[in-house]
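One-based numbering along the sequence shown.
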Amino acid sequence: QVQLVESGGGLVQTGGSLRLSCAASGRTFTGYSMGWFRQAPGKEREFVAAISRTGAITHYADSVKGRFTISRDNAKNTVWMQMNNLKPGDTAVYYCARGRAPIVGVTRDDYDYWGQGTQVTVSS
């Protein structure tokens, strides 16, 4: 079993920054890709960013490319997402997830373990 716990969410003004963390416990995530998804009220959960097992490959949704950066430290069983130049449209609950494979995936079916989420609210 893998437990994922997100932290770092909060309320920020437009143009501000936040850094989300996802700490894994239980069976490690070292051999798997990791991803971040988000879900806004009334909308489906959508892909935000993913990182491969070694961290060599990253992939981003077009809406966050150039503003968000995903990274990981396998020794610490932690993945982060630095979010800069935040916009009101980024307001959502953000979820960390473990991939089913070492390579990055962009759909919910590519991930098998999920955290409980952390709220990010961007005020205009």
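- Judged purely by atom type and a 3.5 angstrom limit, Ser33 uses its side chain to pair as donor or acceptor with the backbone of Ile103.
- By the 6.0 Å contact criterion, CG on Leu11 is enclosed, its count of non-hydrogen atoms from other residues, nucleotides or ligands being greater than 12.
- In this structure, Asp110 contributes its side chain and Gly35 its backbone to no donor-acceptor pair below 3.5 Å.
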From CA spacing to verdict: side-chain contact (heavy atoms from CB on, under 4.5 Å), Met34, Arg53
CA-CA 7 Å; Met34 295 293 294; Arg53 175 180 63 87; over 6 Å; no
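- Here the side chain of Arg100 pairs a donor or acceptor atom with the backbone of Asp109 at under 3.5 angstrom.
- When atom types are taken as modelled, the side chain of Glu6 and the backbone of Thr118 share no donor-acceptor pair closer than 3.5 angstrom.
- When atom types are taken as modelled, the side chain of Ser52 and the backbone of Pro102 share no donor-acceptor pair closer than 3.5 angstrom.
- Checked by atom type and distance alone, the side chain of Ser63 never pairs as donor or acceptor with a backbone atom of Ala61 at under 3.5 Å.
- Without hydrogens or angle criteria, Tyr111 side chain to Val106 main chain gives no donor-acceptor distance under 3.5 Å.
- Once rounded to the nearest 0.5 Å, the distance linking OH of Tyr95 with CZ of Arg108 reads 8.5 Å.
- Of the possible polar contacts, none joining the Arg38 side chain to the Ala92 backbone as a donor-acceptor pair under 3.5 Å is found.
- In this structure, Lys65 places its NZ atom where more than 12 heavy-atom neighbours from other residues, nucleotides or ligands lie under 6.0 Å away.
- Atom CE of residue Met83 and atom CG of residue Asn85 lie 12.0 Å apart, to the nearest 0.5 angstrom.
- No more than 12 heavy-atom neighbours from other residues, nucleotides or ligands sit within 6.0 angstrom of CD on Gln116.
- Separation of the Trp36 and Phe47 ring centroids does not fall under the 6.0 Å cut-off.
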